[in-house]
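Some notes on the structure that comes next.
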Amino acid sequence: MNPWIEAMRLRTLPVSVAGVAAGTGCAVFHHGFSLLPMLICLTFAVVAQIASNFANEYYDFRNGLDKKGREGFRRGVTEGDIAPMAMRNATFGLLIADIILGCSLIYWGGWWLVPVGAAIAIFALAYSAGPYPLSHHGLGDIAVVIFFGIVPVTFTEYVQTQIWRLDSTTLFSAIGVGLLAANVLIVNNYRDYEDDKAVGKHTTVVIFGRKAMSRIYLLDAIIGFGLFSMASTWAPSWISAGWAILVGGNIALWNRLRHLEGAALNNILKFTSILLCLGAIYLLIILSVWTKGR
């Protein structure tokens with residue numbers, strides 16, 4: 001695979017799609033769907049995630065945290081496939097382009113979106129860079145809940161409806177996406193446990209251990225899809241079967257997670273991301289079909 005494509009970490013990009021899908025579902029539910037700002041939000045979210053992935057490649061290499069032959073995704077910079085300065089320039093180039101794109105949302109959401117966009121850009125770097133990288137101090141999971149769940153869901157809805165809401169539908173959807181997105185990070189860090197521990201990178205898996213975090217993975221899945229169900233309790237009862245199927249899929253992945261190591265976990269990572277995206281799209285469909293007043 002092309003090293004730049006590998007550095008994008010395509011297996012995890014459905015996480016960004018999920019936040020925008022759930023947020024759009026909330027907008028439709030509140031009778032405020034708008035196609036153009038939704039597409040801008042989607043592009044912004046995906047590009048921000050790619051920039052964060054590029055930053056992770058560059059800064060972990062620069063800080064000596066990536067070694068050749070490391071488990072999981074092939075690190076193009078560490079393996080010599082990509083020049084470090086090329087990765088750094090690509091990271092900041094994407095962030096600048098994304099900031100410019102995000103500024104177009106001011107038309108729908110107002111100037112107060114500027115600090116929100118700045119916070120997202122800072123997070124994309126702060127996850128791996130800076131004097132206190134979030135991913136190195138057990139804060140990555142919390143940051144993911146916020147920036148891949150709460151922020152994209154609530155603000156995707158806001159720019160489409162121009163009304164700030166935190167009712168049960170929006171709040172449950174946002175937290176649900178965040179918890180399920182955190183599961184993707186848990187699998188990533190579960191796979192990299194030995195490598196991270198060896199270089200002193202304190203992810204939650206290194207801090208609390210694989211056994212504890214595998215249980216958190218299962219709990220996140222149950223609560224996350226449970227929150228999706230609670231966000232749509234007024235829909236026909238048979239809708240709950242869909243959530244049960246998705247939870248069952250995550251339980252099957254959890255069972256495999258506990259018995260696999262190394263690169264074999266990449267498929268668990270991919271399908272965890274896909275199940276989140278499918279759940280968000282399912283929620284979008286439910287919120288679009290069974291809206292208030294219908």
Side-chain angles (χ1 to χ4, degrees), residues 1-20 40-68 70-105 113-137 139-144 146-149 151-152 155 181-182 184-185 188-189 191-192 195-196 199 201-203 266 269 273:
M1 181 182 291
N2 182 288
W4 286 100
I5 300 297
E6 185 73 14
M8 291 180 184
R9 303 179 188 176
L10 300 182
R11 298 177 185 89
T12 66
L13 293 186
V15 174
S16 291
V17 177
V20 177
I40 294 173
C41 285
L42 179 61
T43 305
F44 179 88
V46 172
V47 172
Q49 185 178 352
I50 293 173
S52 181
N53 291 339
F54 282 5
N56 181 255
E57 286 247 358
Y58 172 71
Y59 285 103
D60 277 7
F61 166 79
R62 196 186 74 171
N63 295 329
L65 298 176
D66 275 351
K67 307 297 182 184
K68 288 189 176 182
R70 184 180 168 96
E71 295 286 2
F73 303 112
R74 181 178 175 85
R75 273 70 169 179
V77 177
T78 301
E79 299 292 344
D81 303 328
I82 302 172
M85 290 303 99
M87 181 60 79
R88 186 195 67 177
N89 294 341
T91 298
F92 285 97
L94 281 178
L95 281 176
I96 291 170
D98 214 27
I99 289 169
I100 294 171
L101 175 65
C103 285
S104 66
L105 292 171
L113 289 180
V114 172
V116 177
I120 294 171
I122 291 170
F123 162 72
L125 293 175
Y127 181 78
S128 304
Y132 199 81
L134 301 177
S135 63
H136 302 181
H137 297 89
L139 297 174
D141 304 63
I142 296 173
V144 165
I146 295 170
F147 286 99
F148 284 95
V151 170
F155 284 95
V184 177
L185 181 61
N188 185 82
N189 293 338
R191 179 200 63 206
D192 295 343
D195 289 327
D196 288 339
V199 297
K201 186 175 179 180
H202 297 109
T203 65
N266 283 341
L269 183 76
S273 179

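Counting heavy atoms from C-beta on, the side chains of Leu95 and Leu125 come closer than 4.5 Å. Side-chain atoms of Asp98 and Ile120, non-hydrogen and from C-beta on, never get closer than 4.5 Å to each other. In this structure, the side chains of Leu134 and Ile142 stay at 4.5 Å or more apart for every pair of heavy atoms. The side-chain heavy atoms of Ile5 and Met8, taken from C-beta on, include a pair separated by under 4.5 Å. Looking at heavy atoms from C-beta onward, Pro133 lies out of side-chain contact with Tyr59 at the 4.5 angstrom threshold.
Counting all heavy atoms, side chain and backbone alike, Ala124 lies closest to Ala48 at CB-O, 4.2 Å. Between Ala45 and Ser16, the shortest heavy-atom distance links the atoms O-OG, 3.3 Å. When all heavy atoms are compared, the tightest approach of Asn266 to Arg11 is O-CD, 3.9 Å. Heavy atoms only, all atoms of each residue included: Asp81 and Pro3 are closest at CB-CB, 3.7 Å. Contact record, Asp60 with Ser128: OD1-CB, 4.4 Å, taken as the closest heavy-atom pair. Residues Trp4 and Ile82 approach most closely at CZ2-CG2, 3.4 Å, considering heavy atoms.
With values rounded to the nearest 0.5 angstrom, Tyr127 atom OH is found 8.0 Å from His136 atom NE2. Taking OG of Ser104 as the start and CG of Leu113 as the end, the distance is 10.0 Å to the nearest 0.5 Å. Atom CG of Asn189 and atom CG of Asp195 lie 11.5 Å apart (nearest 0.5 Å). To the nearest 0.5 Å, the span separating OG1 on Thr203 from CG on Leu139 amounts to 11.5 Å. Summarising the geometry, atom CG belonging to Asn56 is positioned 9.5 Å from atom CE belonging to Met87; distances are rounded to the nearest 0.5 Å. The structure places CG of Leu185 at 9.0 Å from CZ of Phe148, a figure rounded to the nearest 0.5 Å.
Taking the six-membered ring for Trp and thresholds of 30 and 60 degrees, Phe123 and Phe147 have nearly parallel ring planes, at less than 30 degrees apart.
A salt bridge does not link Asp192 to Lys201: none of the charged side-chain nitrogens sits closer than 4.0 Å to a carboxylate oxygen.
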Fill in: side-chain contact (heavy atoms from CB on, under 4.5 Å) evaluation trace for Val47 with Leu101
CA-CA 10 Å; Val47 172; Leu101 175 65; 5.6 Å; no
Worksheet entry | Evaluation steps, side chain to side chain donor-acceptor pair (under 3.5 Å), between Asn188 and Arg9 | CA-CA 11 Å; Asn188 185 82; Arg9 303 179 188 176; 5.2 Å; no
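In terms of modelled atom types and a separation under 3.5 Å, the side chain of Ser273 and the main chain of Leu269 share no donor-acceptor contact.
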